[in-house]
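See structure below.
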Amino acid sequence: RHRRYQLPGGPGFARNLEEFVLGTAPGHCEYFATTLALLLRLQGTPCRVVGGYLAQEWDPDGASMVARARDAHAWVEVLLPDGAWCTVDPTPPADAGAQAAATGAWDRARAALQRLWAAVVGFDAQQRAALLGDLGALPGRALAALVRHAWLAGTALAVVLLLLLRRARRRQCLPEVVDLRRAARAAGLALRPGETVRELLARADPAAITEQHFAALAAAAERHEAARYARGPLAR
């Protein structure tokens, strides 16, 4: 209650046990455990200081606890008259888990990355064989699934074919558009991005285009606009 917990290396951390016992500097769990052991032995109570890990993290499968370097901890065990050992932890509970709580999110992310990296570097021959076996069995499994759900596969195939047919129809050019492009190519021209048919005709150079080519281009443009926009005749 009258001593402050602090991790080693922090500002004002006790340089030795004496500073911690006198209450002039904070200390970590080893100082708390050692001080309690000294006080108990002064009262004639047999005890011992125990070092280990205060693990609070389960592995992904939930089968075992994960102990990290930051989980290192020290506590006291008291020998009872019946010969049993009773665990006593003098370190304040909130302080004992403070570091784990403060860095829990980061540690979980780091642990996930470590598991991912371990899976990458540990991809041995056995795992490669298992993966190749799964890939080899994939076509058979897919075929078996199609057989079991033939109606569903047929419906999905029909939907895909209808979508492809609809897309093909949308992309199909009108005859007037095809004729216009052919006439423009024959005249040595091409529609620019965003250019209208009338702008294309206005850009045509009479000196560079024969009368025959221009007439064909104008006729194609007129048919194109009649089909697309229902406009009137075009003039040179």
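All values below were derived from every heavy atom in this structure, side-chain atoms included, with hydrogens, water molecules and symmetry-related copies excluded.
Here the closest heavy-atom approach between residue Leu200 and residue Ala190 is recorded as CD1-O, 4.1 Å. Considering every non-hydrogen atom in both Ala187 and His213, the closest pair reads CB-CB, 4.2 Å. The two residues Ala25 and Gly12 come nearest to each other via the heavy atoms CB-O, 3.3 Å. Pairing each heavy atom of Cys47 with each of Ala37, the nearest pair is SG-O, 3.6 Å. The two atoms that bring Ala74 and Thr91 nearest to each other are O-OG1, 4.3 Å, heavy atoms only.
Taken to the nearest 0.5 Å, the CG atom of Leu79 stands 10.5 Å off from the SG atom of Cys86. Remark: Met65 CE to Asp59 CG distance equals 9.5 Å, nearest 0.5 Å. Interatomic distance, CD of Glu222 versus CG of Leu201, reported as 10.0 Å (0.5 Å rounding). One finds the CZ atom of Arg4 at 9.5 Å from the OG1 atom of Thr24 (value rounded to the nearest 0.5 Å). Here the straight-line distance linking atom CZ of Phe214 with atom CG of Leu189 works out to 9.5 Å at 0.5 Å rounding. Here the CG atom belonging to Leu217 is positioned 11.5 Å from the CG atom belonging to Asp179, to the nearest 0.5 angstrom.
Between Arg3 and Phe20 the shortest side-chain heavy-atom distance falls below 4.5 Å. Using a 4.5 Å cut-off on side-chain heavy atoms (C-beta onward), Glu195 and Arg203 make contact. In this structure the side chain of Asp89 never reaches within 4.5 angstrom of the side chain of Val76, judged on heavy atoms. When side chains are defined from C-beta on, Glu18 does not count as touching Val21, because their heavy atoms never get closer than 4.5 Å.
Ion pairing between Asp71 and Arg68 fails under the 4.0 Å rule for side-chain N and carboxylate O. Between Arg192 and Glu199 no salt bridge is recorded (no basic side-chain N to carboxylate O distance below 4.0 Å).
With sequence neighbours left out, Arg41 forms a salt bridge (charged side-chain N to carboxylate O under 4.0 Å, His left out) with no residue at all. For Glu77, the side-chain contact (heavy atoms from CB on, under 4.5 Å) criterion is met by Arg48, Val50, Trp75, Trp85, Thr87, not counting sequence neighbours.
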Step-by-step side-chain contact (heavy atoms from CB on, under 4.5 Å) determination, Leu180 to Glu176: CA-CA 6 Å; Leu180 177 63; Glu176 292 79 5; over 6 Å; no
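For Tyr5 and Tyr31, the ring centers sit 6.0 Å or farther from each other.
Cluster annotation: Phe32 and Leu17 are assigned to the same hydrophobic cluster (Ile/Leu/Val/Met/Phe/Trp/Tyr, side-chain heavy-atom contacts under 4.5 Å, transitive).
Formation of a donor-acceptor pair under 3.5 Å by the Gln6 side chain with backbone atoms of Pro11 is found in this model.
Checked options Thr35, Val78, Val88; the residue passing with Leu40 is Val78 (criterion: side-chain contact (heavy atoms from CB on, under 4.5 Å)).
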